[in-house]
> 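Here it is, the structure in full.
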Amino acid sequence: MTAIADRIEKASGTFEPSARLRKLGIGRGMAWLILIAILIVSLFPFWWALRTGLSSNSDLFAGEQSLLPVGYTNNNFERVLGTASEAEILDSLGRQNTGSFDFWQSLKVSVIVATAVTAGQVLFSGMAAYAFARLRFFGRDKLFFLFLSGLMVPPIFTLIPNLIFIKNLGWLNSYPGIIAPFFFMTPFAVFFLRQFFLGISREVEEAALLDGAGHFRTFFGIIVPMSAAPIATLAILTYITAWNEFLWPLVVARAPERQPLTVALGQFTAQQPGTSPDWSGLMAGTLLAALPIIVIFLVFGRRVVDSIGFSGIK
Amino acid sequence: MATVELEGLTKIYPGGVTAVEDMSLSIDDGEFVVFVGPSGCGKSTALRMIAGLEEISDGVLKIGDVDMTSVHPRERDIAMVFQNYALYPHLTVRKNIAYPLKLAKTPKAEIKERVERTAEVLQLSEFLDRKPGALSGGQRQRVAMGRAIVREPSVFLMDEPLSNLDAKLRVYMRTEISRIQRDLGVTTIYVTHDQVEAMTMGDRVVVLKGGVLQQADKPSVLYRNPANLFVAGFIGSPAMNMFESTISIGSGAVTVEVGQQTVEMPLGVLDRLPALRGYDGVRLACGIRPENVHDGTTADGMDQRISGEVIMLEELGSEIVAHLEVGVNRIDSSGAALGSADDEGDEYDTGFIGRFSQQSTTRAGQRIEIALDVSAMHFFDLTTGEAIRD
């Protein structure tokens, strides 16, 4: 008995450190190093944008090797937000502020466009996905695969036809014009939700049917709440995509008051002929434009990752 | 509460597969009818046709004398309990039970009252504010029952509602469902593949095979007078021993061949089964239930005996199930020889089975004398599988 106890004690005595060592083994160490490297590579652009945004534009080229802000100032952020005085602008830029970029107006456009696109896409994609997953109608599966083949069409192909269409509707420089091509659905969103709906027990829907619910009530009252996680994921992904959309609003919204942040920020580099680009202002504006999305991802990131992992998609 | 009439109900799937064929049945008001049969026999399809979840390919369905063949499910005034409970996971027990009432636009006060009354009947009152995910299997099953009961429908449909529960809970819920059904007096159609469930719960049991109704009768009648080989083999556990045989009608007795051996039945059997006269010297199927097969040493007063070898014994405490070899050509419920290539059933060769009393001292490997209660023998036509009766 004592011999066994001794052996256990000895074993546990020698086992502990070796287990700990194994935990910190070469493989694990390498994994950590690689992860840290990836993290640095991923985060460095953000840091560089922040560092440039906090640098004085006139000192920027003098300290281009510096990892820290050169001639620290928060004047660039104030300029983008429209709270800087003329004197401060002159001091920071070394010249008059020639841009006419209204951050708050563009932010409003971005929020309206992204919200409308997300609401429309989630609603219509959800209904289409439910129809493809559950309703019985002639040629359903063939139609679905035809629809899915839309994933193969590069967005650039549809740009010109869509532009002509929107122009003919008289929707250039308007919210409907910016929103319309993305409002109804995308093959990916339909495919994504259809996979989830297929996984929901058919008995639950049949129970709802016998309880007296029609298709609409079953969808909105039972299916949507049961699919809250994937629907939220889709909404977040759609919001991010809509927020970052550049090409379509660039061609369809020439008027500054209808330009979302992505397009309006582009004006920074183009609007000062004969002068070097206003890098500090551009970086400050870019960071501010990305802030809402960064916040959304920080809050809901875990849910998005879980949901995508769970769905086996991507 | 209502009667249910099935008149030639048929279901043919688009691929041409016939799931239910020409099923006719009349179910009384307040009756508890159980559809039973092996997997794929069409019992669930028949139930789903009554519910309106499957289109009826042919035939007429009447509920309470009203033709419901093409009526939308929600207008049939039926409630269904599903195998996987089909609860709404995002709603509390209270909201789950109240859901059909809410859709029927029942006043809020009445919903509250009826939900609480239902919860009380099902002993769910303390779980009303929980979600289904926080309940055990038995509690979920009761919530599903509650959602059906609360509507006070004309007909309850239950599709294998106990198959996901463990054995002990299943026995408890079996009695609970029977009690609730009796208290409410609602016409109930219950589907199961478990013949014990069918026999213990149903006022009437409907046996199906390959989409065709085989027999619909009281459990005791099914057991004592099976209409054909299939019902004889399906109802009863362990199953009836069925084997090929020939009878010869003599002047004093009817001799029945049991393999190479024979037993004698009094001529009175011909009064009970007059059609048997036509089978003198013809190959037929003979069946005897295990409880009519005894150890000769403990069966006083039974003079019809054969000899056989004990292959294996299963001691159950109250009795001993004996697997015997008596040299017969055993057949399965489709009438095919056991183990033959055209055996379409899912039966296994378990030997000739007897249920011996616990006083039996027999051992595996012994050759013993076996007493047969010949008055309980069944006879079937080998070609049609039908019982030879009158």
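Values in this document were obtained by computation on a predicted structure and should not be read as measured data. The figures that follow rest on heavy atoms only: side chains count, while hydrogens, waters and symmetry mates do not. Lettering follows sequence order; numbering is per chain, from 1.
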> Is it the backbone or the side chain of B:Arg48 that comes under 4.5 Å from a heavy atom of chain A, or both, or neither?
side chain

> Is chain A contacted by the side chain of B:Gln83, its backbone, both, or neither, given a heavy-atom distance below 4.5 Å?
both

> Measuring heavy-atom distances to chain A, does B:Leu87 have an atom under 4.5 Å in its side chain, in its backbone, in both, or in neither?
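Looking at B:Leu87, just its backbone touches chain A.
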
> Below 4.5 Å, heavy-atom pairs only: which of A:Gly221, A:Ser201, A:Ala208 has the largest tally toward chain B?
A:Ala208

> Once you round to the nearest 0.5 Å, how far does CZ of B:Phe82 lie from CZ of A:Arg202?
12.0 Å

> Counting heavy-atom pairs under 4.5 Å with chain A, which one of B:Arg147, B:Arg76, B:Lys102 comes out on top?
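Heavy-atom pair counts peak at B:Arg147.
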
> Counting only heavy atoms not in A:Phe46 (residues, nucleotides, ligands), do more than 12 fall under 6.0 Å from its CZ?
no

> Charged N to carboxylate O below 4.0 Å: is that the case for B:Arg74 and A:Asp211?
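Salt bridge absent between B:Arg74 and A:Asp211.
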
> For the CZ atom on A:Phe246, are there more than 12 heavy atoms of other groups (residues, nucleotides or ligands in this structure) within a distance under 6.0 Å?
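Atom CZ in A:Phe246 is crowded, with more than 12 foreign heavy atoms closer than 6.0 Å.
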
> Step through the shown structure and confirm whether more than 12 heavy atoms of other residues, nucleotides or ligands are within 6.0 Å of CD on B:Glu55.
no

> More than 12 heavy atoms of other residues, nucleotides or ligands under 6.0 Å from CG of B:Asp65: is that the case?
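It does not: B:Asp65 CG has 12 such atoms or fewer within range.
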
> Would the number of heavy atoms belonging to other residues, nucleotides or ligands and lying under 6.0 Å from NE2 of B:His90 be above 12?
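More than 12 within 6.0 Å, yes.
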
> Is there a side-chain contact between A:Val204 and B:Tyr85, using heavy atoms and a 4.5 Å cut-off?
no

> Between A:Leu210 and B:Leu53, is any pair of side-chain heavy atoms under 4.5 Å apart?
yes

> Looking at A:Glu203 and B:Asn84, would you say the former's side chain and the latter's main chain have a donor-acceptor pair under 3.5 Å?
yes

> Are the side chains of A:Leu209 and B:His72 in touch, meaning some heavy atoms are under 4.5 Å apart?
yes

> Would you indicate whether A:Phe157, at its atom CZ, is surrounded by more than 12 heavy atoms from other residues, nucleotides or ligands within a distance under 6.0 Å?
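12 or below, so no.
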
> For B:Leu103 versus A:Arg217, what's the shortest heavy-atom pair and its separation?
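Heavy-atom minimum between the residues: CD2-CD, 2.9 Å.
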
